[in-house]
Amino acid sequence: MPGFEIFGAEERKQVNDVLETGVLMRYGFDGMRNNHWKAKEFEIAFAERMQSAHCQLVSSGTSALTIALAAAGIGAGDEVIMPTFTFVASFESIMILGAIPVLVDIDDTLTLDPAAVEAAITPKTKCIMPVHMCGSMADLGALKAICDQHNLLLLEDACQAIGGSYEGKPLGSYGDLGCFSFDYVKTITCGEGGGIITNSEKYKLNADHYQDHGHDHVGSDRGAETHPFLGYNFRISELNAAVGLAQLDKLDGILKIQERNYTIMQETLSTIEGVTFRRIPEGGVQNYSFVNFFLPTPELAEKAHKALAEAGVDACFYWYKNAWHYINGWEHLRDLKSLGNLSSEVKAQMQDLNRTNFSKSDAWMGRTISSLVKIGWTEAQVRDRAEAMKKAIESVL
């Protein structure tokens, strides 16, 4: 995703503001920082952009998920429903709290299947975590109805879908909490960073305290602050926040170029007999960061992926055999390989992922190819790429 493609004078200016003061920490040193508060500025601007009351900036998307769960009281033995297609951070953020990731099938949105979610709910379920993979969203209306019916938390992982929307609301703002990643290869980047948005004052305060060792951040003397509860260190630095602040100003321009490039590629690929596209839920607008399409069979999808590589078409992914993003590649999770002892709750409650039937997910992922949409391509380059993709795919059909 394109954040790294557009690093320029704006980012350097923001970073230099920090370097000139020498204050790299987001808290304290008021007299030295020349009134530069990059993390605070980012939080205010991002909350406004995401139509949310609050934003908490943190060290990564993974820490954002962890903090969001903790802020809502999720802990040992609580079950969190998540999809089979995501990034490893999803189950990592759950398990670090001693909670239990419950993996369920995806559907043709490439995200959580509401029917599979409904079937997985137990008395220990506390949260549903849809992951808006590759630029588009889960069927949030159906998931929200399930959450309302069962009194569950809806936590949106929008790390790969910033700028998309559902029913007119920015992705991440529809649920109780929304999480974002600002790492080097996200739509906008801090280098490393993440963010949490919410309209809940309680969750905001909990997140604020938890990400900084439990500090209550009351008053102007950090040494005198109290600790309402245990916390950990998930703070972001002013340097990272400064980069993100400049990038945020570029978000709308990024999305516009992504939509143009996506549309050219999608229109060309749609002329190939046998190629279909992921379903975008009604009321949803994706952020156009990936073109996600299906081949008629897994065998043809794998052959097409190989043909694309041989044709020199970069940035095409066959997630079914990807070690980071699909259950097939997560041997360490399936076998619960850990450096230390896992909690008794995880040992007792974790589903046997080596025996669980995910054939419905396999049926979609096995046929899926995703092509990244870069913003550095000229319109002519995008058209050339689309034609090269079409030729390569048609060669195996």
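Below, all heavy atoms of this structure are taken into account, side chains as well, without hydrogens, waters or symmetry copies.
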Carboxylate-amine/guanidinium contact [X] [Y], below 4.0 Å:
| X | Y | value |
| --- | --- | --- |
| D252 | K256 | no |
| R385 | D314 | yes |
| E302 | K306 | no |

Does a side chain donor of either [X] or [Y] reach within less than 3.5 Å of an acceptor in the other side chain?
| X | Y | value |
| --- | --- | --- |
| Q56 | K204 | yes |
| S237 | N240 | yes |
| D212 | N233 | no |
| Q286 | Y262 | yes |

For E238, run the salt bridge (charged side-chain N to carboxylate O under 4.0 Å, His left out) check against R33, K40, K38 and tell me which one passes.
R33
Is there a donor-acceptor pair under 3.5 Å between the side chain of [X] and the backbone N or O of [Y]?
| X | Y | result |
| --- | --- | --- |
| N206 | A71 | yes |
| R334 | N328 | yes |
| Y174 | E167 | no |
| Q349 | G77 | yes |
| N16 | R12 | yes |
| T297 | L300 | yes |
| T198 | S200 | yes |
| Q247 | T189 | yes |
| D105 | T84 | no |
| D216 | V218 | yes |

Do the side chains of [Y] and [X] get nearer than 4.5 Å, heavy atoms only?
| X | Y | value |
| --- | --- | --- |
| T111 | P83 | no |
| D249 | E10 | no |
| H209 | F229 | yes |
| S289 | L372 | no |
| L171 | L140 | yes |
| F46 | F182 | yes |
| K202 | L205 | no |
| I100 | E345 | yes |

Can you confirm if the aromatic rings of [Y] and [X] lie within a centre distance of less than 6.0 Å?
| X | Y | value |
| --- | --- | --- |
| F277 | F294 | no |
| H227 | H213 | no |
| F91 | H332 | yes |

Do the ring planes of H325 and F87 sit parallel (below 30°), tilted (30 to 60°) or perpendicular (above 60°)?
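Plane angle between 30° and 60°, so tilted.
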Check step by step if salt bridge (Lys or Arg N to Asp or Glu O under 4.0 Å) holds for E43 and R26.
CA-CA 12 Å; E43 287 168 346; R26 70 163 296 175; 2.8 Å; yes
For salt bridge (Lys or Arg N to Asp or Glu O under 4.0 Å), just list the numbers for E299 and K303, CA-CA rounded to whole Å, side-chain angles, deciding distance to a tenth of an Å, and then say yes or no.
CA-CA 6 Å; E299 294 75 20; K303 288 179 180 179; over 6 Å; no
Begin from the C-alpha positions of Q160 and H132 and carry the test side-chain hydrogen bond (donor to acceptor under 3.5 Å, both in side chains) through to its verdict.
CA-CA 6 Å; Q160 287 194 359; H132 306 320; over 6 Å; no
For [X], I'd like to know if atom [atom1] has over 12 heavy atoms of other residues, nucleotides or ligands within 6.0 Å.
| X | atom1 | value |
| --- | --- | --- |
| E48 | CD | no |
| K390 | NZ | yes |
| E201 | CD | yes |
| N151 | CG | no |
| K144 | NZ | no |

Cluster overlap [X] with [Y], hydrophobic side-chain contacts below 4.5 Å:
| X | Y | answer |
| --- | --- | --- |
| I106 | I94 | yes |
| F180 | L255 | yes |
| Y320 | W324 | yes |
| F85 | L65 | yes |
| L103 | I74 | yes |

Pair W319-S370, side-chain hydrogen bond (donor to acceptor under 3.5 Å, both in side chains): steps then yes or no
CA-CA 8 Å; W319 303 117; S370 294; 2.7 Å; yes
Steps toward salt bridge (Lys or Arg N to Asp or Glu O under 4.0 Å) verdict (D113, K360):
CA-CA 10 Å; D113 178 355; K360 291 182 178 179; 5.5 Å; no
Could you go through R279 and D107, starting from their C-alpha distance and side-chain angles, then the distance that decides it, and tell me whether this counts as salt bridge (Lys or Arg N to Asp or Glu O under 4.0 Å)?
CA-CA 9 Å; R279 177 172 62 86; D107 59 19; 3.6 Å; yes
So which atom in L248 and which in A45 form the shortest heavy-atom distance, rounded to 0.1 Å?
CD2-CB, 3.7 Å
For a side-chain hydrogen bond (donor to acceptor under 3.5 Å, both in side chains) check, start with the C-alpha distance between T122 and E79, then their side-chain angles and the critical distance, and finish with the verdict.
CA-CA 8 Å; T122 75; E79 294 179 356; 2.7 Å; yes
Distance from [X] atom [atom1] to [Y] atom [atom2], nearest 0.5 Å?
| X | Y | atom1 | atom2 | value |
| --- | --- | --- | --- | --- |
| F29 | R222 | CZ | CZ | 9.0 Å |
| I254 | I375 | CD1 | CD1 | 4.5 Å |
| D108 | N292 | CG | CG | 12.0 Å |
| Y326 | M133 | OH | CE | 12.0 Å |
| I6 | E11 | CD1 | CD | 6.5 Å |
| C190 | L239 | SG | CG | 11.0 Å |

side-chain hydrogen bond (donor to acceptor under 3.5 Å, both in side chains) between S63 and S60: does it pass, once the steps are laid out?
CA-CA 5 Å; S63 60; S60 69; 3.1 Å; yes
Pairing residues for Y27 by the ring-ring contact (aromatic ring centres under 6.0 Å, His included) criterion, not counting sequence neighbours
H217
